[in-house]
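The next block holds one structure in the form of structure tokens; read it before the comments.
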Amino acid sequence: MITIGITGGIGSGKSTVCEVWAGLGAFVLNADDLAKEVMVTDAEVKKQLIDSFGSESFLEGGKLNTQHLANEAFEKGRVKELNAIVHPKLPAAASQKIEEAEAQGYDIFVYEAALLLENLKPGSLDYIVLVLADKGHRIERVKQRDNSSEEEIRQRMKKQRNFEKATDRVDYVIRNNGTLEELEKKAEIIYQSFLPERDTQKS
Ligand code: ATP
């Protein structure tokens, strides 16, 4: 089983690359989805969320009240508090998913996370891929995708690291300043390089 981490700034194209890889047979795990899962399955996390963010963190039936938590985190500036509760649980939860993917016969496991470089334990993933795109492209693409304003996007970008300065910490860099088709092609080529070498014996 080969494990890949993929990171990059908002609107850089991470999810698009992951969609290509999923189509080629990879097991893809998104860090935000994993965090949401941990928030409802881990009793300790649940208790801490209720203690810090109130019982309204959960809806009737135990479903996560994402609207309430997003409001607390982003509108009230409590992202760090929320992350401090959930992030320590992610490595073990991700390891569990890797085991599940392996048991299901996947060859490639992909972990998609904007905060990958912050939370990464050295050697925990085989390869790290960084997706980069110019600011202007990212703003236009996110505007279209989320219907959000340029100002909102710029504010979110400001809170992220400068990924251009992280190229020496990764194994692959994908530059996504061209067409969607060009990105898909680059994703396919990199994917092939992950795959274990197959016997090319002629019969
Ligand atoms: P986020 O961190 O915000 O989740 P992301 O890095 O996962 O972003 P994507 O969702 O893959 O980024 O891409 C952002 C948007 O831009 C999507 O709607 C995607 O379809 C589009 N997009 C990505 N690459 C290109 C491209 N080369 N040309 C046109 N549109 C693109």
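In each ligand, atom 1 is the first atom listed, and ligand 1 is the first ligand listed.
- With Y111 as reference, L90 is the one residue of L90, I6, I98 to meet the side-chain contact (heavy atoms from CB on, under 4.5 Å) rule.
- Remark: Y127 OH to I190 CD1 distance equals 12.0 Å, nearest 0.5 Å.
- In this structure, the side chain of K14 does not engage the main chain of T7 through any donor-acceptor pair within 3.5 Å.
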Are there any protein N or O atoms under 3.5 Å from the N or O atoms of ligand 1? List them with distances, or say none.
from, atom 1, to, atom 2, distance (Å)
ligand 1, 2 (O), K14, NZ, 2.6
ligand 1, 3 (O), G11, N, 3.4
ligand 1, 3 (O), R145, NH1, 3.2
ligand 1, 3 (O), R145, NH2, 2.8
ligand 1, 4 (O), R145, NH1, 3.4
ligand 1, 6 (O), S12, N, 3.2
ligand 1, 6 (O), S12, OG, 3.2
ligand 1, 6 (O), G13, N, 2.9
ligand 1, 6 (O), K14, N, 2.9
ligand 1, 6 (O), K14, NZ, 2.8
ligand 1, 7 (O), S15, N, 2.9
ligand 1, 7 (O), S15, OG, 2.7
ligand 1, 8 (O), G11, N, 3.0
ligand 1, 8 (O), R145, NH1, 3.1
ligand 1, 10 (O), R145, NH1, 2.8
ligand 1, 11 (O), S15, N, 3.3
ligand 1, 11 (O), T16, N, 2.9
ligand 1, 11 (O), T16, OG1, 2.5
ligand 1, 12 (O), G13, N, 3.1
ligand 1, 24 (N), N176, ND2, 3.0
ligand 1, 27 (N), R141, NH2, 3.3
ligand 1, 27 (N), N176, OD1, 2.8
ligand 1, 27 (N), G178, O, 2.9
ligand 1, 27 (N), T179, O, 3.3
ligand 1, 27 (N), L180, N, 3.4

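- When atom types are taken as modelled, the side chain of D171 and the backbone of I128 share a donor-acceptor pair closer than 3.5 angstrom.
- Partners of Y106 according to the ring pair (Phe, Tyr, Trp, His ring centres under 6.0 Å) rule, which considers only residues two or more places apart in sequence or in another chain, are F27.
- Under the 4.0 Å criterion applied to side-chain N and carboxylate O atoms, E150 and R154 are assigned as salt-bridge partners.
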